[in-house]
There are 2 protein chains.
Amino acid sequence: MNPNSPQTVSVTVADVARKAGVSKATAARVLGGYGTVSDRVRDAVTAAARALDYRPNELARSMTTGRSGTIGVVVGDIENPFFSLAMRGITDVARQAGFTVILINSGEDVSAEKAAIRTLIAKRVDGLIVSPAKETDVEHLREVVGSGRPLALLDRGINAFEVDTVIADDRQAAEGVTRQLIALGHRHIAYLTACDTPDHLFRTPGDINTGSVRRRIEGFLSTCREAGLGPVERWIHMGAVIPEQTRQIAERLLEGKDRPTAIIASDSVIGLEVFKTSRAIGLAIPDDLSLISFHDADWTAVTSPPVTVVRQPVYQLGEMAARLLVERLNGFAGPGREVVLQTEFVERASISSAPTLP
Amino acid sequence: MNPNSPQTVSVTVADVARKAGVSKATAARVLGGYGTVSDRVRDAVTAAARALDYRPNELARSMTTGRSGTIGVVVGDIENPFFSLAMRGITDVARQAGFTVILINSGEDVSAEKAAIRTLIAKRVDGLIVSPAKETDVEHLREVVGSGRPLALLDRGINAFEVDTVIADDRQAAEGVTRQLIALGHRHIAYLTACDTPDHLFRTPGDINTGSVRRRIEGFLSTCREAGLGPVERWIHMGAVIPEQTRQIAERLLEGKDRPTAIIASDSVIGLEVFKTSRAIGLAIPDDLSLISFHDADWTAVTSPPVTVVRQPVYQLGEMAARLLVERLNGFAGPGREVVLQTEFVERASISSAPTLP
DNA sequence: AAAGCCAATGAGACCGGTCTCAATCTAAAA
DNA sequence: TTTTAGATTGAGACCGGTCTCATTGGCTTT
């Protein structure tokens, strides 16, 4: 169409073969790096390819080999530092293993996740890494496995069927921080999460569809109960999806009559907003309020006071998920594996013994 | 091979056609949504497809149509909040326009960038968004354009040839903050950047290969010179690629004899490290040292004092780059466009009038 | 020198879609 | 009722690679 757009039609093996004076099959052998060819012919074909500026068409190659050299990744939100760091781990491993990565955000929405997976399968990715929005709604994931493609789950497990999974020891971590707070005399601890139920009320951990969060809440609940603490279900606050919602929840919580003396934030985005809100309200951390956040985000180290956090091996989470997937892609066919990476309690200065409330 | 792995071979249009009792061409028409078919046949084919759980092969489709429905994105480092946020902008627009995104990190290394682009072209992406590591070494980018594929540049422009570019008004922003500092009485201002030269010494803006940074430095230099300020070339410090290097540079700078009274950090990762270092050394911000950082990262608002920053419209940068690209993909064929988005000076509390040094 | 073996090469099918073109069928127009 | 335009369908080429299989030729073996 456009005469001044150069090389609109791409040069193919057939073109190279013609120029080199060999058959298409032979040229393909040289260009594709398979089979056996004589040095003389190899040189001729290579020269012809260079002269014509031949670029292989990976699509056509995938067509016959059945491998696309691509893995699909579905995460909640690449903007979230948790996922962007995990993504870095994934891409590093993938690149080294010779795979490229297609990224799709699900926005933690199951129907978007389904669409994403459908798209990725249509593009014939060789395998998938997914951070499922809900662990109860996983038929589409089962289909992935059913289609013969390996799947690895990132940060969130499911029980419905066996699949490679990489998670952190969330339950244990939550137990640890809760125990710590209780030891400091806290008797009312709030837990804030982005997860939600239709009526925004927490009843049982079964309501929580995000595996990692559910495990944390289980740890939190059991430790509180062990210590004989209050109406612990009501201390769990859901729906902190965006900062604005978090702020509202935190305000309601901290300005209310029976305010908690400690808050556990389920991720760093929530933790940041709680920090801002408590400062805006005029509550001093840690004197008036103790704060612990999951995820050692960069900001947690530079606030005054710096924030005590549960450091998750986020990069390694992504790295390991990719590693497990690549192993499958290379033929490993054993049963589903679950890798649990250790978290680290990073003690800084945002928690102290509970204040005696009026 | 594995008898209990279901549906190892995928069902094709031919299979569906056979089951529906029509020709392959007709089934393809229904499944592909083109041409005309009778309602009766459409229903039959649709039913057959459902019964067989037909999944289209996007690869095969791309083969003939020549469009892969994919755009390639090459950024320095997805872990960097700047890029992850821009990436979010890109993916949002891409998804809405019906494209998926392949992501490759260049690590700001030109040879990695070249390999990335080669890979993406081999995968027959429909277009590319690149944040070039060096604006002087761009032959591979010219080839992209030469291959007939649209290209959009993110945050960094090049002069070598015309291409759609989205940048922020870095030069103007740098002039503004520099002027601000000078007005406050600062007579020695340091500028820290990750960009580097072989001998780590700055001579002229021409040494800086990263467009956005070069423009900032140009603004910084010209404003300083206008005010008749000192050996301004020596105030530019390069090679702050990783936090450790930044720390060393900052230490050397702040512990030296003739230390600057103000620092401009070229990105938030550098700004964070300068903040940490000055605190470690015992310099009070802003009394002993004024600090301004580019990029309104989340941590800048919660430190004590909060950090004055140049807010870049990062999400919009990505959004716009994707938008320009999609326009080309939809047939727009005008000359290369350069979009300059406005930055915003966010005044917080990390700058004050220059201290009188001993 | 005849037989045997392996490296090197070519011909052509194939992957799973799209698309052109011709054939057939239907219903409106003359 | 015959003509004709338009809708519907099928046959088969094609996209750009890979891969199987058969053929050729050179070299070793006896």
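Throughout, protein chains are lettered first and strands after them, A, B, ... in sequence-line order, and every chain is numbered starting at 1. No hydrogens, no waters, no symmetry mates; every other heavy atom, side chains included, goes into these values. If you're wondering where the values come from, they're calculated on a predicted model, not measured in any experiment.
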Rounding to an integer number of Å, can you tell me how far Arg29(A) CZ sits from dT18(D) P? 11 Å

Short side-chain N/O contact from Tyr34(A) to OP1 or OP2 of dC19(D), under 4.0 Å: no

Would you please say whether a donor-acceptor pair under 3.5 Å links the side chains of Thr136(B) and Asn209(B)? yes

Counting side-chain heavy atoms from C-beta on, which of dG10(C), dG10(D), dC15(C) comes nearest to Ala25(A)? dG10(C)

Do any N or O atoms from the side chain of Arg328(B) and from the backbone of Ala152(B) form a donor-acceptor pair under 3.5 angstrom? no

Looking at dT9(D), I'd like to know if its phosphate oxygens (OP1 or OP2) sit under 4.0 Å from a side-chain N or O belonging to Ser38(B). yes

Return no unless some side-chain N or O of Ser23(A) is found under 4.0 Å from OP1 or OP2 of dA11(C). no

Restricting to non-hydrogen atoms, name the atom on Arg29(A) and the atom on Val37(A) that form the minimum distance, rounded to 0.1 Å. CB-CG1, 4.0 Å

Measure the distance from CG on Asp15(B) to P on dC15(C) and round it to the nearest whole Å. 10 Å

Between Glu327(B) and Arg337(B), is there a side-chain N and carboxylate O pair less than 4.0 Å apart? yes

Nearest-angstrom distance from the residue atom CG of Leu31(A) to C1' of dC19(D): 16 Å

Just the rounded figure in Å: distance from C1' of dG12(D) to NZ of Lys24(B). 8 Å

Are OP1 or OP2 of dC19(D) and a side-chain N or O of Thr64(A) less than 4.0 angstrom apart? no

Is any side-chain N of the basic residue among Glu108(B) and Arg156(B) closer than 4.0 Å to the acidic one's carboxylate O? yes

Can you work out whether Ala27(B) or Val13(A) has the more 5'-proximal nearest nucleotide on DNA chain D? Ala27(B)

Within this structure, what is the CE-to-C1' distance between Met63(A) and dC15(C), rounded to whole angstrom? 4 Å

Selection from dT18(C), dT9(D), dG16(D) that lies nearest to any side-chain heavy atom of Ala28(B): dT18(C)

Just N and O in the side chain of Tyr54(A): are any of them under 4.0 Å from OP1 or OP2 of dG17(D)? yes

Of all the choices, dT9(C), dG17(D), dT9(D), which nucleotide is nearest to the side chain of Ala60(A) once you look at every atom? dG17(D)

Within the pair Ser62(B) and dC15(D), is there a side-chain N or O less than 4.0 Å away from OP1 or OP2? no

From CZ of Arg61(B) across to C1' of dC15(C) the rounded distance in Å is 15 Å

Check every strand shown and say whether Thr36(B) touches a base, only sugar-phosphate, or nothing at a heavy-atom separation below 4.0 Å. base

Atom-pair distance (NZ on Lys123(A); P on dG17(C)), nearest Å: 14 Å

Could you tell me the separation between the CZ atom of Arg42(A) and the P atom of dA8(C), rounded to a whole number of Å? 9 Å

